[in-house]
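In what follows, a structure is listed as structure tokens, so that the remarks can point back to it.
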Amino acid sequence: MKRDVAEQIVSIVHKVTREMDASILLIQRECSEEEFIEYRRAAGRVMGYLFTDIVRPIFQEYPELMPEEMKSGSKQE
């Protein structure tokens, strides 16, 4: 994959992940606890697949695209 395409994909996945997080908060506020738990579980699976099947292979090819906070040994402040 070309680097510019990889950068765009990482950016898009980041945006999608933020939107999924927002949708989880919406469900938490507006729906029953049971609906929230079910939705959060499903959204978590989606985000997991986005990482394992899309983003991780990009980071393996272009490790410099991985955010510092995701690198092992990285300290978050």
Side-chain angles (χ1 to χ4, degrees):
M1 176 183 303
K2 294 179 183 177
R3 183 187 165 92
D4 65 320
V5 173
E7 290 174 341
Q8 290 176 58
I9 296 298
V10 169
S11 177
I12 290 168
V13 169
H14 182 68
K15 290 175 190 173
V16 168
T17 301
R18 283 196 319 259
E19 292 295 323
M20 290 295 296
D21 284 341
S23 74
I24 292 168
L25 292 174
L26 175 64
I27 295 294
Q28 184 178 27
R29 280 193 317 266
E30 302 296 332
C31 298
S32 70
E33 182 72 12
E34 182 178 299
E35 289 170 315
F36 166 65
I37 291 169
E38 184 176 327
Y39 186 85
R40 183 179 60 186
R41 184 177 298 123
R45 282 194 302 269
V46 169
M47 289 191 280
Y49 284 122
L50 284 172
F51 179 77
T52 59
D53 295 351
I54 295 175
V55 177
R56 184 171 58 189
I58 291 172
F59 292 159
Q60 289 171 337
E61 186 172 354
Y62 298 103
E64 67 278 8
L65 296 180
M66 182 183 291
E68 283 299 318
E69 62 269 11
M70 292 182 70
K71 294 179 181 177
S72 64
S74 173
K75 294 181 182 179
Q76 293 185 352
E77 296 179 23

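Heavy atoms only: backbone and side chains are in, while hydrogens, waters and symmetry mates are out.
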Practice problem: Identify the heavy atoms of A43 and M20 that sit nearest to each other, and give their distance. | Solution: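 So the minimum-distance heavy-atom pair works out to CB-CE, 3.4 Å.
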Quiz prompt | Residues in side chain to side chain contact (heavy atoms under 4.5 Å, CB included) contact with D53, at least two apart in sequence or another chain | solution =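 Partners of D53 by the side chain to side chain contact (heavy atoms under 4.5 Å, CB included) criterion, ordered by chain and then number, come out as Y49.
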Quiz item: Considering residues at least two apart in sequence or located in another chain, which fulfil the side chain to side chain contact (heavy atoms under 4.5 Å, CB included) criterion with P67?
Solution: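 Result, side chain to side chain contact (heavy atoms under 4.5 Å, CB included) vs P67: F59, E69, M70.
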Quiz prompt | Pairing residues for E7 by the salt bridge (Lys or Arg N to Asp or Glu O under 4.0 Å) criterion, not counting sequence neighbours | solution =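 By the salt bridge (Lys or Arg N to Asp or Glu O under 4.0 Å) rule, E7 matches R3.
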Shared hydrophobic cluster for [X] and [Y] (ILVMFWY, side-chain gaps under 4.5 Å):
X: V16; Y: L25; answer: no
X: V46; Y: V55; answer: yes
X: I54; Y: L65; answer: yes
X: I58; Y: F51; answer: yes

Practice problem: List the steps and the verdict of side chain to side chain contact (heavy atoms under 4.5 Å, CB included) for R40 and I27. | Solution: CA-CA 8 Å; R40 183 179 60 186; I27 295 294; over 6 Å; no
Practice problem: Not counting sequence neighbours, list each pair that qualifies as a side-chain hydrogen bond (donor to acceptor under 3.5 Å, both in side chains) and has a residue in residues 24-35. | Solution: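 Found S32-E35.
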Quiz item: Taking only residues at least two apart or on different chains, which pairs with a member in residues 9-24 satisfy side-chain hydrogen bond (donor to acceptor under 3.5 Å, both in side chains)?
Solution: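 Those involving residues 9-24 are H14-R18, S23-Y39.
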Could you give the distance from [atom1] ([X]) to [atom2] ([Y]), rounded to the nearest 0.5 Å?
X: Q8; Y: K2; atom1: CD; atom2: NZ; value: 10.5 Å
X: I24; Y: M47; atom1: CD1; atom2: CE; value: 4.0 Å
X: R56; Y: E61; atom1: CZ; atom2: CD; value: 14.5 Å
X: I12; Y: L50; atom1: CD1; atom2: CG; value: 11.5 Å
X: Y62; Y: I9; atom1: OH; atom2: CD1; value: 12.0 Å

